[in-house]
Peer 1: 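The structure is given below, and queries will be raised subsequently.
Numbering of ligands and ligand atoms starts at 1, following listing order.
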Amino acid sequence: MGKVLTDAQITQYREEGFVSPIDILSEQEAGRYLQRFEEAERRYPTLAHSHRRNNVHLSFKCLDELAHHPVILDAVEDLIGAHFSLWATVLFCKEPESPHYVSWHQDATYMGMSHTEFVTPWLALTPSNVATGCMQMIPGSHLHDILEHEDTYAEDNILTRGQKAKGVDETAAVDLLLKPGQMSLHHAKVLHGSRPNTTMQRRVGFAMQSYMPPHVEQVVGKNLWLEVRGINDRQNSQRLHRPEYDADPVAAADREQADANLDDILYRGAAQKRGY
Ligand SMILES: O=C(O)CCC(=O)C(=O)O
């Protein structure tokens, strides 16, 4: 038994590359976080929108709190040990009846890391189900090498390059159904994607992408990290600041740098650059 995860959940993660659902917040608490996020979004529209969805935790206090939520961090610790930092976050909002989807991919493909033992918690702030376009995963796919990915730049594909892994057996896919306040945890190499939101409700998921132990090093781009738990000595790394309040200028300056760095890493060698 870990601090949060049962032995069965830890085994599921090791064997399948994901574990879900895990209760983090009550539905009411999730509703309050959603409300705080949407208020901040209305107040500072330039800091969070579909083309500015990375690292919003460096701008909005409610997302910073979630990225440091003790139960989320304990669950992460159960999988990767007691020392880890946060690389980035992505706020995946699928607007009502929008055609946007996420093609099959493996996160580690373009992150420029030395190793792939890292984990992403994805916390639902609204219902994430088949109708709203929940994530789907291919169990056991993290045990294989990274597949070749093709950059499609397809218009409704909300991945940076519209990258699509080749040769995915979609019949093996599992839907990760989450209520508001529940999260999934997925491995850097597991194949996953999601379909469009066909409902009248927004689908909001906060991906803390990813928590990484100190032996995982950035080998492409600058070395920028938010220290989260334990001791994380990395050569030549720069420590990011947490916002003390919404739009805190100290953390905002860090976010500018972190977003530019992410762009540089994720689009390295790409034929086109899009706004995501
Ligand atoms: O939110 C989605 O639909 C996809 C999220 C995703 O690909 C990820 O968190 O790695």
Peer 1: So, using side-chain contact (heavy atoms from CB on, under 4.5 Å) as the criterion, who are the partners of Lys273 when residues are at least two apart?
Peer 2: Asp263, Tyr267
Peer 1: Same cluster or not: Ile72 versus Leu25, using hydrophobic residues (I, L, V, M, F, W, Y) connected whenever any side-chain heavy atoms lie under 4.5 Å apart?
Peer 2: yes
Peer 1: Return a table of donor-acceptor pairs under 3.5 angstrom between the side chains of residues 38-46 and protein atoms on other chains or two or more places apart.
Peer 2:
| residue | atom | partner | partner atom | Å |
| --- | --- | --- | --- | --- |
| Glu38 | OE2 | Arg202 | NH1 | 2.8 |
| Glu41 | OE1 | Arg202 | NH1 | 3.1 |
| Glu41 | OE2 | Arg202 | NH2 | 2.7 |

Peer 1: Listed by chain and number, what are the side-chain contact (heavy atoms from CB on, under 4.5 Å) partners of His149, not counting sequence neighbours?
Peer 2: His105, Gln106, Thr109, Tyr110, Ile146, Gln163, Ala165
Peer 1: Are Glu148 and Lys166 ion-paired here, with the side-chain N under 4.0 Å from a carboxylate O?
Peer 2: yes
Peer 1: Are Arg234 and Trp225 in a cation-pi contact, defined as NZ or CZ under 6.0 Å from the six-membered ring centre and within 45° of the axis?
Peer 2: yes
Peer 1: Can you work out which protein residues put a heavy atom within less than 4.0 Å of ligand 1?
Peer 2: Phe92, Lys94, Val102, His105, Asp107, Trp122, Met135, His186, His192, Ser194, Arg203, Ala207, Gln209
